[in-house]
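Throughout, protein chains are lettered first and strands after them, A, B, ... in sequence-line order, and every chain is numbered starting at 1. Basis for what follows: all heavy atoms, side chains included, without hydrogens, waters or symmetry-related copies. Model, not experiment: these values are computed from the prediction.
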Amino acid sequence: MKIEGIEITHPDALVFPGARITKGGLARYYDRIAIYMLPYLKDRPVSLQRFPKGIDHPGFFQKHAQDYFPDFIDRIPVKTKAGSAVEILVNHKKSLLYLVNLSVVTFHTWLSRKGALEYPDKVIFDLDPSNGDFDTLKRGALLVREMLAGKDIDARLMTTGKKGVHLYYPICPERPFDEVRARIRAWAEVLVEKHPDLFTLEIRKKKRGNKIFLDLLRNAYAQTGVCPYSLRPNHNAGVATPLEWSELSRLNSGDQYTYHTIFKRLETKEAQRRDTTPGN
DNA sequence: GGCTAGG
DNA sequence: CCTAGCCAACGCTCC
DNA sequence: GGAGCG
């Protein structure tokens, strides 16, 4: 099996045994989703979550480009606490498929891009439901949206493919991570004060109760967030899916869209766009 | 999954 | 030859 | 200063 000139080895090996998804299926998924996903990957160092033995076995994270990676994989030197490291960029479909053949299931990206790695160009509010129900999470998402709208910020919504949702929005990459995080942290603290039964900023799991954990910690240098349209290593193969706000009321979970349903949703959305675009 | 170090 | 080991690491907070 | 957390 060959896609984009990349030989997909062991195409019949099961990556998601429960959902009966093979490595060939994984490669076809990313081949098809690439057109939607690549813009979100462009020029961002990635953290790869790999499962060579399938998701029912322990996987591992990888950030550094290995010496044996082919030349067509773009590399980017980054500063680390220890000194420096060479990380990976996924700017082309061919790189995407090469990495998928290494059994990458999930792509996580930095919140900053090549040329301005110290300056985030994106902010993420990660809403984790703790033990609470999804309706509560939806209410929380609307409150965060409203809070940001009050600051003239038009946040977008995404399911994570797991339990929660992300609100995210672009910013000009001109202020360092610490400054950006301090500002949104202050906003979040006000929100927690207004809705102390709904939100928490507590890192310790035991202290969160059933409240929505507002995780802002990923808005930091070298931290990552799940890339839109990435698969997640859970039983039903959830997909991180950007949504319209109008879709929130009908949303039932953070893993509503999966390997099996995402393309149907994208086709429906595309058809709606065609119908409402003048000149057709 | 693919490579390397060590037996 | 075969197999075991490796493949991330920052910022915050509680203790 | 180290462990939990993502």
> Of all the choices, dA8(C), dG11(C), dG1(B), which nucleotide is nearest to the side chain of Lys63(A) once you look at every atom?
Replying inline: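 So the nucleotide nearest the side chain must be dA8(C).
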> Arg185(A) has a side chain; which of dA9(C), dT13(C), dA8(C) sits nearest to it?
Replying inline: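 Comparing dA9(C), dT13(C), dA8(C) against the side chain of Arg185(A), the answer is dT13(C).
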[X] [atom1] - [N] [atom2] separation (whole Å):
X: Ile88(A); N: dA9(C); atom1: CD1; atom2: C1'; answer: 15 Å
X: Lys53(A); N: dG2(B); atom1: NZ; atom2: P; answer: 14 Å
X: Phe51(A); N: dA8(C); atom1: CZ; atom2: C1'; answer: 14 Å
X: Gln49(A); N: dC6(C); atom1: CD; atom2: P; answer: 19 Å
X: Arg50(A); N: dC3(B); atom1: CZ; atom2: C1'; answer: 10 Å
X: Trp110(A); N: dA9(C); atom1: CH2; atom2: C1'; answer: 11 Å
X: Phe60(A); N: dG1(B); atom1: CZ; atom2: C1'; answer: 7 Å
X: Glu87(A); N: dA8(C); atom1: CD; atom2: P; answer: 9 Å

Taking 4.0 angstrom as the limit, do [X] and [Y] come out as a salt bridge?
X: Asp128(A); Y: Lys163(A); answer: no
X: Glu244(A); Y: Lys269(A); answer: yes
X: Glu189(A); Y: Arg185(A); answer: yes

> Heavy atoms under 4.0 Å, any strand shown: does Tyr221(A) hit a base, just sugar-phosphate, or nothing?
Replying inline: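 It contacts sugar-phosphate atoms only.
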> Contact class for Lys81(A) (heavy atom, under 4.0 Å): base, sugar-phosphate, or nothing?
Replying inline: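 Contact class for Lys81(A): sugar-phosphate only.
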>> I need the Glu247(A) CD to Ser249(A) OG distance, nearest 0.5 Å.
In response: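 Output value for this atom pair is 9.0 Å.
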>> Just to verify, what does Phe61(A) make a ring pair (Phe, Tyr, Trp, His ring centres under 6.0 Å) with, not counting sequence neighbours?
In response: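 Checked Phe61(A) against ring pair (Phe, Tyr, Trp, His ring centres under 6.0 Å); matches are His108(A).
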> Which residues, if any, of residues 5-34 of chain A bring a heavy atom under 4.0 Å of DNA chain D?
Replying inline: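 Residues of residues 5-34 of chain A that come under 4.0 Å of DNA chain D do not exist, since none gets that close.
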>> Which residues in residues 94-101 of chain A have a heavy atom closer than 4.0 Å to any atom of DNA chain D?
In response: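 Within residues 94-101 of chain A, no residue comes under 4.0 Å of DNA chain D.
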> What residues form a salt bridge (Lys or Arg N to Asp or Glu O under 4.0 Å) with Arg44(A), not counting sequence neighbours?
Replying inline: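 Arg44(A) satisfies salt bridge (Lys or Arg N to Asp or Glu O under 4.0 Å) with Asp121(A) only.
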> Is it true that atom CG of Asp67(A) has more than 12 heavy atoms of other residues, nucleotides or ligands lying nearer than 6.0 Å?
Replying inline: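 For Asp67(A), atom CG is not crowded (no more than 12 foreign heavy atoms under 6.0 Å).
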> So, Asn234(A) versus Asp255(A): side-chain donor-acceptor pair below 3.5 Å or not?
Replying inline: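 No - no donor-acceptor pair under 3.5 Å links their side chains.
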> Do we see a donor-acceptor contact under 3.5 Å between the side chains of Lys122(A) and Ser112(A)?
Replying inline: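 The criterion, which ignores hydrogens and geometry beyond distance, is not satisfied for Ser112(A) and Lys122(A).
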> Does a side-chain N or O from Ser103(A) land closer than 4.0 Å to OP1 or OP2 of dG1(B), or not?
Replying inline: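 Looking at the OP1 and OP2 atoms of dG1(B), one of them is under 4.0 Å from a side-chain N or O of Ser103(A).
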>> Does dA8(C) have its OP1 or OP2 closer than 4.0 Å to a side-chain nitrogen or oxygen of His108(A)?
In response: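 No.
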> When the ring centroid of Tyr40(A) is compared with that of Phe107(A), is the distance short of 6.0 Å?
Replying inline: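 Judged by ring-centre distance (under 6.0 Å), Tyr40(A) and Phe107(A) do not meet the cut-off.
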> Between dA9(C) and dG2(D), how far is it from one C1' atom to the other, in whole Å?
Replying inline: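 Here dA9(C) and dG2(D) have their C1' atoms 15 Å from each other.
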> If we take the P atom in both dA5(B) and dA8(C), what is their distance in whole Å?
Replying inline: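 Here dA5(B) and dA8(C) have their P atoms 16 Å from each other.
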Name the pairs: protein N/O against N/O of nucleotides 3-6 of chain D, kept only if under 3.5 Å.
| from | atom 1 | to | atom 2 | distance (Å) |
| --- | --- | --- | --- | --- |
| dC5(D) | O3' | Arg208(A) | NH2 | 3.4 |
| dG6(D) | OP1 | Arg208(A) | NH1 | 3.2 |
| dG6(D) | O3' | Arg218(A) | NH2 | 2.7 |
| dG6(D) | N2 | Gln223(A) | NE2 | 2.7 |

> When the nearest nucleotide of DNA chain C is assigned to Leu201(A) and to Gln62(A) on a heavy-atom basis, which residue is associated with the more 5' position?
Replying inline: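 Result of the comparison: Gln62(A).
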>> Using 30° and 60° as the class boundaries, would you call the ring planes of Tyr221(A) and Trp110(A) parallel, tilted or perpendicular?
In response: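 If you compare the ring of Tyr221(A) with that of Trp110(A), the planes turn out perpendicular.
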> Which pairs, with at least one residue in residues 160-206 of chain A and sequence neighbours excluded, count as a ring-ring contact (aromatic ring centres under 6.0 Å, His included)?
Replying inline: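 Applying ring-ring contact (aromatic ring centres under 6.0 Å, His included) to every pair that reaches into residues 160-206 of chain A, excluding sequence neighbours, yields nothing.
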